[in-house]
A.B. asks: 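Quick one: structure below, then a few questions.
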There are 2 protein chains.
Amino acid sequence: MGITERKEREKEQRKNAIIDAAEKVFFSKGLDAATMDEVAEAAELSKGTLYLYFQNKYDLYLAINSRGLDIMNAMFEKAFQSEEKGLDKITAIGRAYYEYYKQYPDYFNSMIHWDAHSIDMTLETENARECGQKGNKALEIVARAVQAGVDDRTIRSDIDPLKTAPVLWGLATGILHMLATKADHLIEEHSDIVGFKNQDEMVEYAYRLIRFSLTNHIT
Amino acid sequence: MGITERKEREKEQRKNAIIDAAEKVFFSKGLDAATMDEVAEAAELSKGTLYLYFQNKYDLYLAINSRGLDIMNAMFEKAFQSEEKGLDKITAIGRAYYEYYKQYPDYFNSMIHWDAHSIDMTLETENARECGQKGNKALEIVARAVQAGVDDRTIRSDIDPLKTAPVLWGLATGILHMLATKADHLIEEHSDIVGFKNQDEMVEYAYRLIRFSLTNHIT
DNA sequence: TTATAAAATGACTATTGGTCATTTAATATA
DNA sequence: TATATTAAATGACCAATAGTCATTTTATAA
């Protein structure tokens with residue numbers, strides 16, 4: 001009898017329905033301002049039910065973030081596949097990261113909040129673990145791309161993939177964080193300090209710099 | 001009569017005493033878990049008094065962050081002065097940033113929270129403005145260093161200081177954020193993905209890469 | 001049809017950010 | 001010095017909300 005399976009499936013569906021509702025509420029109001037009552041309302045469930053599926057408010061937020069990471073990793077995989085050469089794979093992943101930021105700003109922001117929260121709170125839930133694993137997966141994709149670049153000589157041979165991948169990740173994340181949190185203000189209000197017309201230009205410039213550091217320049 | 005001046009001074013002192021107390025509480029418990037009652041208790045004042053000096057909890061947190069930015073900028077200025085050549089100034093500032101992260105991890109973390117908060121909440125208080133200005137000042141110091149490097153030819157002549165400064169800032173911040181939020185976990189638990197023994201090594205590697213991208217390599 | 005198990009509910013509690021009428025202290029005035 | 005006025009501090013209070021749990025409802029098994 002497939003009753004257990006069906007129930008399992010329904011449970012998963014309900015869980016996803018809650019996450020759907022939570023996205024709407026959290027993304028429109030922000031994590032702090034959003035209330036669990038509002039999420040319950042949006043999900044057409046009672047508040048108590050939410051806590052049958054998620055340990056607490058932040059655990060639910062991590063479930064949202066986990067979804068975002070899936071989308072991001074899918075975009076990374078696609079970018080990886082789309083190019084032949086290692087260096088081009090890296091560039092493609094970098095562009096995919098920027099695309100992710102632009103197409104899914106709310107998911108991207110959830111990553112920033114995840115980061116900030118990890119400083120003073122470590123949650124030991126399934127969602128927290130999944131987020132961690134998916135973060136590692138992103139790193140692995142980058143590492144594979146760097147390795148490919150070392151192998152096909154499109155990047156400098158003295159580059160260590162296991163060192164370069166996390167560094168590239170940090171560098172790109174730093175730029176995109178800046179876009180998400182400060183860039184617009186700087187570009188619009190402080191053109192005397194920041195010489196970019198828009199975000200595209202800043203990403204292009206930053207990526208070119210990074211790319212430059214990976215390639216060989218001895219003639 | 002200097003009564004007004006003295007009162008002004010006392011007000012400032014009280015404000016600082018509150019920030020002192022708030023640092024202890026916020027840094028030990030984290031922004032969310034800390035309560036205003038605890039801050040009041042630590043400051044030996046009633047809770048109501050806190051709100052005579054700060055608009056709300058987060059405004060008080062920004063006052064803490066503002067202090068951190070002062071320390072950071074002072075370290076940057078010192079680093080800038082410590083070297084003759086532009087490229088060395090940039091390197092020194094980068095190292096000062098890392099030193100700041102290590103010596104004042106709590107202040108550094110407050111910057112991360114500031115970032116994250118700026119996504120869904122913009123506070124229009126004096127402390128918020130001060131933080132913004134001090135952030136810009138950091139950027140200016142970097143820009144001056146880059147300009148010096150262009151002038152003395154220690155960095156590539158096609159580098160635009162007003163573009164490069166914010167990018168460098170984003171890159172370095174990205175690396176240090178990673179150290180603050182993920183690096184230890186990655187280094188200890190995922191040595192198969194991340195090839196660093198410790199944080200020092202990661203910063204060295206990342207900075208070398210960035211430095212490489214600023215210098216001339218045509219023989 | 002009845003018993004059992006699973007899922008959902010929503011009233012309730014505890015916590016806490018923020019307020020404000022009242023009190024206390026400091027300064028100015030007579 | 002005594003009194004009036006202004007400034008600073010207080011803490012009881014309120015509203016909002018995360019999280020709980022005894023009770024009810026629904027689904028499944030006997």
Side-chain angles (χ1 to χ4, degrees), chain A residues 1-22 25-26 28-64 113 117 120-121 123-125 127-128, chain B residues 1-22 25-26 28-64 113 117 120-121 123-125 127-128:
Chain A
M1 68 181 78
I3 287 181
T4 321
E5 286 80 358
R6 195 202 72 217
K7 281 213 159 187
E8 199 62 40
R9 212 163 52 235
E10 282 175 352
K11 219 171 165 179
E12 204 59 34
Q13 283 170 352
R14 175 127 300 178
K15 209 171 176 176
N16 276 307
I18 294 172
I19 303 174
D20 289 339
V25 176
F26 285 148
S28 67
K29 298 208 145 194
L31 174 58
D32 282 358
T35 73
M36 289 301 266
D37 279 300
E38 289 170 326
V39 174
E41 168 81 24
E44 294 175 301
L45 288 167
S46 72
K47 180 160 66 163
T49 303
L50 304 186
Y51 288 91
L52 297 175
Y53 292 88
F54 301 94
Q55 190 173 96
N56 54 38
K57 188 183 183 182
Y58 186 59
D59 183 40
L60 175 52
Y61 194 74
L62 286 184
I64 295 174
H113 281 111
H117 264 262
D120 24 52
M121 192 221 296
L123 205 53
E124 287 291 348
T125 66
N127 288 310
Chain B
M1 64 179 78
I3 286 182
T4 321
E5 286 78 359
R6 196 204 69 216
K7 281 212 158 188
E8 200 61 41
R9 213 164 49 236
E10 283 176 348
K11 220 171 165 178
E12 204 60 35
Q13 283 169 353
R14 175 125 303 179
K15 209 170 176 176
N16 276 308
I18 293 172
I19 302 175
D20 289 339
V25 176
F26 285 148
S28 68
K29 299 207 142 196
L31 174 57
D32 282 357
T35 72
M36 291 301 269
D37 279 300
E38 288 170 327
V39 174
E41 167 82 23
E44 293 174 303
L45 289 167
S46 71
K47 181 162 63 166
T49 304
L50 303 185
Y51 288 91
L52 297 175
Y53 293 88
F54 301 94
Q55 189 173 96
N56 53 37
K57 190 185 184 182
Y58 185 60
D59 183 42
L60 175 52
Y61 193 74
L62 286 184
I64 295 174
H113 280 112
H117 263 263
D120 25 50
M121 193 220 297
L123 205 54
E124 285 293 347
T125 66
N127 289 309

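Hydrogens, waters and symmetry mates are skipped; everything else that's a heavy atom, side chains included, is used.
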A.B. asks: Whole-Å distance between dA8(D) C1' and Leu50(B) CG?
C.D. replies: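 Roughly 13 Å, once rounded to whole Å.
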A.B. asks: For Ala34(B), what residues pass the side chain to side chain contact (heavy atoms under 4.5 Å, CB included) criterion, not counting sequence neighbours?
C.D. replies: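 Expected list: Val25(B), Phe26(B), Lys29(B), Glu38(B).
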A.B. asks: Got a sec, which residues hit side-chain hydrogen bond (donor to acceptor under 3.5 Å, both in side chains) with Asn16(B), two or more places apart in sequence or on another chain?
C.D. replies: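 Per chain and number, Asn16(B) pairs via side-chain hydrogen bond (donor to acceptor under 3.5 Å, both in side chains) with Arg67(B).
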A.B. asks: Each nucleotide in nucleotides 12-19 of chain C should get exactly one letter: B, S or -. Can you fill that in based on protein heavy atoms under 4.0 Å?
C.D. replies: ----SBBB
A.B. asks: What is the distance, rounded to the nearest whole Å, between atom CG of Leu52(A) and atom C1' of dT24(D)?
C.D. replies: 14 Å
A.B. asks: Just jot down the side chain to side chain contact (heavy atoms under 4.5 Å, CB included) partners of Gln55(A), sequence neighbours excluded, or say none.
C.D. replies: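 Asp59(A), Leu123(A), Thr125(A).
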A.B. asks: Could you tell me whether Leu45(A) contacts a base, only the sugar-phosphate backbone, or nothing, with contacts defined as non-hydrogen atoms closer than 4.0 Å?
C.D. replies: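 Result for Leu45(A) = sugar-phosphate.
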A.B. asks: Please confirm whether the shortest side-chain N or O distance from Ser46(A) to OP1 or OP2 of dT9(C) is below 4.0 Å.
C.D. replies: yes
A.B. asks: Taking only residues two or more places apart in sequence, or in another chain, which ones meet Glu124(A) in a side chain to side chain contact (heavy atoms under 4.5 Å, CB included)?
C.D. replies: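 With sequence neighbours excluded, Glu124(A) shows a side chain to side chain contact (heavy atoms under 4.5 Å, CB included) to Arg129(A), given in chain and number order.
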A.B. asks: Counting only non-hydrogen atoms, which of residues 8-20 of chain A are less than 4.0 Å from DNA chain D?
C.D. replies: none
A.B. asks: Just jot down the salt bridge (Lys or Arg N to Asp or Glu O under 4.0 Å) partners of Lys57(A), sequence neighbours excluded, or say none.
C.D. replies: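 Per chain and number, Lys57(A) pairs via salt bridge (Lys or Arg N to Asp or Glu O under 4.0 Å) with no residue.
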A.B. asks: How would you list, by chain and number, every residue that makes a side-chain hydrogen bond (donor to acceptor under 3.5 Å, both in side chains) with Asp120(A), sequence neighbours excluded?
C.D. replies: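 Result, side-chain hydrogen bond (donor to acceptor under 3.5 Å, both in side chains) vs Asp120(A): His113(B).
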A.B. asks: Sequence neighbours left out, what passes side chain to side chain contact (heavy atoms under 4.5 Å, CB included) with Tyr51(A)? Give chain and number order.
C.D. replies: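 Residues passing side chain to side chain contact (heavy atoms under 4.5 Å, CB included) with Tyr51(A): Met36(A), Lys47(A).
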A.B. asks: Tyr53(A) has an atom OH; how far is it from atom C1' of dG19(D), in whole Å?
C.D. replies: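 Answer to the nearest Å: 18 Å.
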A.B. asks: Measure NZ/Lys7(A) against P/dA8(C) and give the value in whole Å, please.
C.D. replies: 9 Å
A.B. asks: Evaluate the side-chain proximity of Phe54(B) to Ile19(B): yes if any heavy-atom separation is below 4.5 Å, no if none is.
C.D. replies: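 Result yes, sub-4.5 Å side-chain heavy-atom pair found.
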A.B. asks: Using whole Å, report how far CG of Asp59(A) lies from C1' of dA18(D).
C.D. replies: 14 Å
